[in-house]
Structures are given as structure tokens and as C-alpha cells.
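Scroll down for the structure; my scribbles are underneath it.
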Amino acid sequence: MKSIKNFLTVFFFGLCTPAMLFAQQEAGIKIVRGASDTVYSSKITIVGVAAPQSIITVNGTSVKQYKTGSFGTEVSLNEGLNTIEIKALSPSGEYTKSIKTFYKSGFQPAKPALNSYYPGRVLVTKQGAYLNYGAGKDRLGGAKINFLDEGIRMAVIDSVENLYKVRLSESRYAYIPKEYATFTQFGTTPPKSLTGSWSVSPVGKVDVVRIGLEERLPYIVREELEPSRIVLDIFGAECNTNWITQYTNLSAIEYVDLNQVDGDILRVVIKLKDKYSWGYKVAYSGNSLTVSVKKSPVPELKNLVIGLDAGHGGSASGAVSPSGLIEKELNLSMVYILKEELEKRGAKVVLSRSEDKDVSMAERKEIFEKENIDLLISVHCNAGGNPLNPLGTSTYYKHIEYRDLAETILKRLLEMDINSFGLVGNFNFSVNAPTNYPSVLVETMFLSSLPDEEKMADPEFRRDLMKRVVKGLEDYLAKVKKSIK
Ligand SMILES: [Zn+2]
């Protein structure tokens with residue numbers, strides 16, 4: 001953008017053309033979307049912004065302008081070069097802008113291919129490692145299974161771009177990002193272990209299941225509902241356990257059971273006492289695999305520490321709306337409304353950022369883990385989809401046990417006169433990935449949607465949204481309370 005401006009300045013000074021007129025045209029219409037050199041579909045959506053209360057036409061057809069000044073429309077293209085003329089008749093004058101776009105049909109993006117082989121190679125996990133189901137990817141990364149502790153060895157069977165394909169058992173494999181693994185020396189074998197002694201005991205705010213192993217083995221863990229239970233598959237384990245000591249003064253865990261489901265897969269089932277889960281964590285302590293399950297707190301805001309996460313910040317602006325609303329700023333302002341409303345009700349609040357600064361996903365999770373939060377709400381604005389349609393609000397969860405939380409909040413949000421973009425599950429958002437505490441992502445509205453943008457530009461609307469998030473949270477806590485026997 002800068003280089004074009006410099007070029008034009010030089011050009012016009014050189015020719016002594018009336019620079020004023022041109023500057024007005026530059027300032028009059030800003031094209032936010034659709035100004036691509038080459039496209040591969042026969043329709044493009046043009047989004048722009050001009051002074052509010054202008055009369056906008058695109059290729060001679062009039063187009064609605066929103067209060068924010070934003071406008072947009074869909075334009076059909078012919079094969080080859082297309083010129084799109086945009087005009088704005090505003091109180092301060094008439095402006096025009098033209099876009100040249102080349103439409104090329106029949107384009108197919110290339111697919112990633114499997115490449116080399118790694119006979120006999122074994123890797124070991126680093127801190128922060130996690131497993132993916134497959135080699136697919138999108139802007140959030142491939143679909144994640146769960147985090148893995150460090151120091152876990154696995155046989156490498158293939159490599160796809162930035163992932164190693166690893167063997168978990170005879171019949172099961174997964175993928176791990178290369179940055180979270182290093183190769184062991186040639187001749188190192190994948191781990192195998194008989195299970196040793198087990199215990200299940202209360203330790204402070206958690207009940208802990210401890211499984212003695214000879215080596216650190218890979219595992220896959222998930223929570224199931226109705227009944228609520230944590231199911232942990234340990235790969236390369238053979239059961240040699242003849243009893244499990246289970247203390248009777250447990251608060252979160254009802255019982256623990258085990259089952260050798262395959263020659264090299266040991267399944268551990270941890271039945272929970274309560275219907276609603278408050279989180280759990282799997283980690284190694286030496287070679288003992290531990291599952292810490294959080295006891296249910298009294299489900300009232302005055303007893304809870306709520307983590308609030310304002311998306312983006314600093315150099316990461318997040319989405320920017322056509323008229324220039326910046327997501328990171330809206331997120332922070334909405335988090336402060338949540339903070340005020342929650343503190344009024346006696347809750348303690350922990351923020352992942354309290355000002356406009358860069359905070360990485362890892363840092364956010366560290367802050368929440370260190371502060372031992374009971375529940376997390378992350379606030380973002382959405383973007384994408386058709387900018388001409390109202391897309392609305394949505395809530396997201398990663399783990400099935402937190403679906404009810406996301407759904408309950410969404411129900412309250414939808415009492416407003418806005419569209420539902422839906423309840424989205426298994427969402428691969430890093431801040432929702434920890435299993436330590438219930439978490440929900442609220443994607444308030446679409447900044448890229450012109451009708452949504454118009455609503456989000458109103459501070460009263462944003463306050464109303466956040467008050468409903470708090471109401472939804474209170475509804476959820478009431479449900480939890482009712483379910484406790
Ligand atoms: Zn965002």
C-alpha cells in the first residue's frame with residue numbers, strides 16, 4: 001500500500017496534475033475486500049467503506065451503506081480481466097474507484113503428500129507436546145487429541161510436512177508436531193511396560209490416580225458423559241495389577257477400573273461422582289502416570305475464581321472490521337465489562353491481559369494454571385463468511401464435558417435480536433485445550449459482516465452481550481448445584 005502511494009505521489013508531482021482531486025478520490029473510498037489481482041471463482045464479494053450517508057454504486061447498481069460507512073456487494077466475473085467501478089456520492093463530493101481482477105477458472109490447489117520413511121527411528125516428546133488425529137490442517141492446526149507429557153518415546157513411521165506420524169500401538173497411530181519431538185539414538189526401542197502398583201487418594205483440591213509404570217508410555221485421554229467418566233488408554237502397557245487401593249474419603253472419584261482392551265492397550269476408567277466436571281490433568285511423576293481430578297467447588301460465583309481471556313492484543317489485532325473496529329480493543333473492553341459484573345457478584349477474576357499487549361497462547365494458559373482458576377471465558381470477535389449477511393453470535397467448546405456450559409451461555413445470548421451462528425464443539429482453540437478447568441469461547445459477533453459490525457459499533461450492545469454471558473454462567477452454576485446429590 002505504501003509503495004503504491006509513493007509511486008502515485010511521484011507520478012502526479014511529475015506531471016503537475018491537480019493532486020487535490022486525486023487525493024480526494026483516494027480518501028473517499030477504501031476497498032477492504034475483493035481487490036485481488038487473480039481469483040479462481042466466478043464471483044467475488046467487494047467490501048469497502050466511505051463517509052457515512054453516501055450513495056454507493058458498484059458497476060452502476062446501488063448498494064446499501066451501513067451506519068458505520070461500510071458497504072458490500074457480490075460481483076459476477078467473466079473469464080479473463082474484469083474492471084469493477086465503485087462510486088460514492090457523499091456530502092463532501094463524488095468519489096470513484098476501479099478494481100481490476102483477473103478470473104482464472106479450473107484451478108486446483110495441490111494436496112500435501114507423504115514423503116520419507118523412518119525405519120527403526122524413535123522420537124521422544126518435549127515439553128508442550130501434543131498428538132493430532134491426522135495430517136490435515138487449517139488456521140487452528142490439525143485436529144488435536146490431547147497433550148502429552150515430556151520424555152515419552154514413540155516409533156516414527158512417517159513424516160508429513162511439519163508432523164511426524166507415530167505408532168501408539170499395533171493398530172493405532174497419531175501425529176505429533178516436529179517442534180515438540182527429538183530423535184533418540186539409533187537402536188532405541190519404543191517403550192513397553194507392565195503396570196506396577198496403583199493408588200487412588202485425595203491430595204488437597206484433587207483426587208489423584210497414580211499408576212506405576214517402568215517407562216513413560218504414550219496415552220490418549222478423554223472424558224465421557226452420562227455417566228461422567230475419564231477414559232485413559234495407555235499404549236504399550238500390559239496389566240500386571242492385581243489390586244487397586246482406593247481410599248474411601250474421595251470427593252471427585254467414585255471408583256477406578258481397568259481393562260486390557262488390546263494386547264498393548266490398557267484402558268483405565270475413572271468414574272466421577274458428580275455429573276458436572278471441574279477438570280482433570282494427566283501428567284507423569286517420575287515413571288508414574290497420574291490423573292488429578294478436581295473436586296467440585298460450591299457452584300456459586302462468590303466461591304469461584306474466573307479466568308477471563310481477551311483475545312489477541314499488542315501486535316496481534318485480530319479481525320479488523322471494514323470501517324476500522326479493531327478486535328483486540330473490543331475484546332478487552334468486553335472483558336472489563338465481564339470483570340465488573342462478575343466482581344459485583346463476589347467472584348475473583350484473573351485476566352490473561354489487562355492492557356493492549358502481546359500475550360502468547362502458552363503464556364495465557366500458564367497464567368490461568370498458576371492462578372488455579374475454576375472456569376475460563378475467552379472473548380473474541382468472529383470473522384469470515386459472507387460479509388453481506390448477518391452471521392451472529394456463537395459459543396465454542398473443545399471437550400464434550402464443557403458443552404453444557406457453552407450451550408447455556410449461548411441460550412442467554414440468543415435472547416437478543418441477533419442471529420445464531422451456532423454451538424461449535426471439538427473446537428481446536430488453544431486456550432480451550434487444557435482439561436484442567438471448564439472453558440468456553442464466546443465469539444461475540446462477526447466484525448467482517450456489515451450488519452454485525454453495525455451492532456458491535458454500539459457500546460451499549462456490547463454491554464448487553466456481556467451481561468447475558470454472566471446470566472448464562474449463573475444459569476450453568478444453578479444447573480450444577482441442582483445436580484449435586
Ligand atoms: Zn479473535
Side-chain angles (χ1 to χ4, degrees), residues 32-33 47 68 70 137-144 306-339 350-368 376-387 389-398 402 405-406 409-410 413 418-434 439-459 461-463 465-466 468-469 472:
V32 179
R33 179 178 162 151
V47 173
T68 50
S70 305
K137 57 183 178 183
D138 60 11
R139 70 186 176 88
L140 299 163
K144 206 174 277 177
I306 309 289
L308 297 179
D309 176 50
H312 313 281
S315 62
S317 299
V320 179
S321 82
S323 73
L325 297 175
I326 301 171
E327 186 193 345
K328 63 172 184 177
E329 290 173 3
L330 296 187
N331 293 344
L332 190 61
S333 76
M334 290 190 284
V335 152
Y336 271 106
I337 299 168
L338 276 184
K339 179 176 184 287
V350 173
L351 304 181
S352 58
R353 68 175 177 100
S354 54
E355 54 187 4
D356 183 19
K357 64 172 184 185
D358 281 279
V359 188
S360 72
M361 292 295 176
E363 284 169 323
R364 288 167 201 257
K365 287 183 274 190
E366 255 175 62
I367 291 167
F368 294 133
L376 170 71
I377 301 173
S378 181
V379 176
H380 279 249
C381 304
N382 223 332
N386 190 336
N389 294 340
L391 295 173
T393 193
S394 47
T395 60
Y396 297 69
Y397 62 91
K398 162 74 181 161
Y402 307 133
L405 171 64
I409 289 175
L410 182 61
L413 289 171
I418 50 179
N419 273 24
S420 173
F421 191 70
L423 175 66
V424 182
N426 299 85
F427 192 62
N428 206 16
F429 176 52
S430 181
V431 171
N432 290 137
S439 70
V440 57
L441 164 64
V442 179
E443 286 279 4
T444 51
M445 297 285 276
F446 281 71
L447 287 190
S448 55
S449 148
L450 307 186
D452 284 12
E453 179 198 21
E454 193 175 59
K455 289 201 159 80
M456 285 296 277
D458 177 3
F461 175 84
R462 303 199 299 261
R463 179 166 287 276
L465 268 179
M466 290 303 108
R468 284 165 205 271
V469 169

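Indexing begins at 1, ligand by ligand and atom by atom, following the structure's order.
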For E327, what is the atom name of its N, O or S atom nearest to the Zn ion (ligand 1)?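 Considering only N, O and S atoms, E327 comes nearest to the Zn ion (ligand 1) through OE2.
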Check all N, O or S atoms of H380 and name the one closest to the Zn ion (ligand 1).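 The Zn ion (ligand 1) is closest to the H380 atom ND1, counting only N, O or S.
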Could you work out, with side-chain contact (heavy atoms from CB on, under 4.5 Å) as the rule, every residue matching S360, not counting sequence neighbours?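 Checked S360 against side-chain contact (heavy atoms from CB on, under 4.5 Å); matches are A362, E363.
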Identify, with sequence neighbours excluded, every residue that meets side-chain contact (heavy atoms from CB on, under 4.5 Å) alongside S354.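 Scan of S354 (side-chain contact (heavy atoms from CB on, under 4.5 Å), adjacent residues dropped) gives Y336, L351.
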Could you tell me whether a side-chain N or O of T393 sits under 3.5 Å from a main-chain N or O of S420, the two making a donor and an acceptor?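 Not a single qualifying donor-acceptor pair exists.
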Ignoring hydrogens and angles, tell me if any N or O in the side chain of N419 forms a donor-acceptor pair with the backbone of G392 under 3.5 Å.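 No; judged by distance alone, with no hydrogens or angles, the pair does not exist.
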Under 2.8 Å from the Zn ion (ligand 1), is there any N, O or S atom belonging to E443?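 False for E443.
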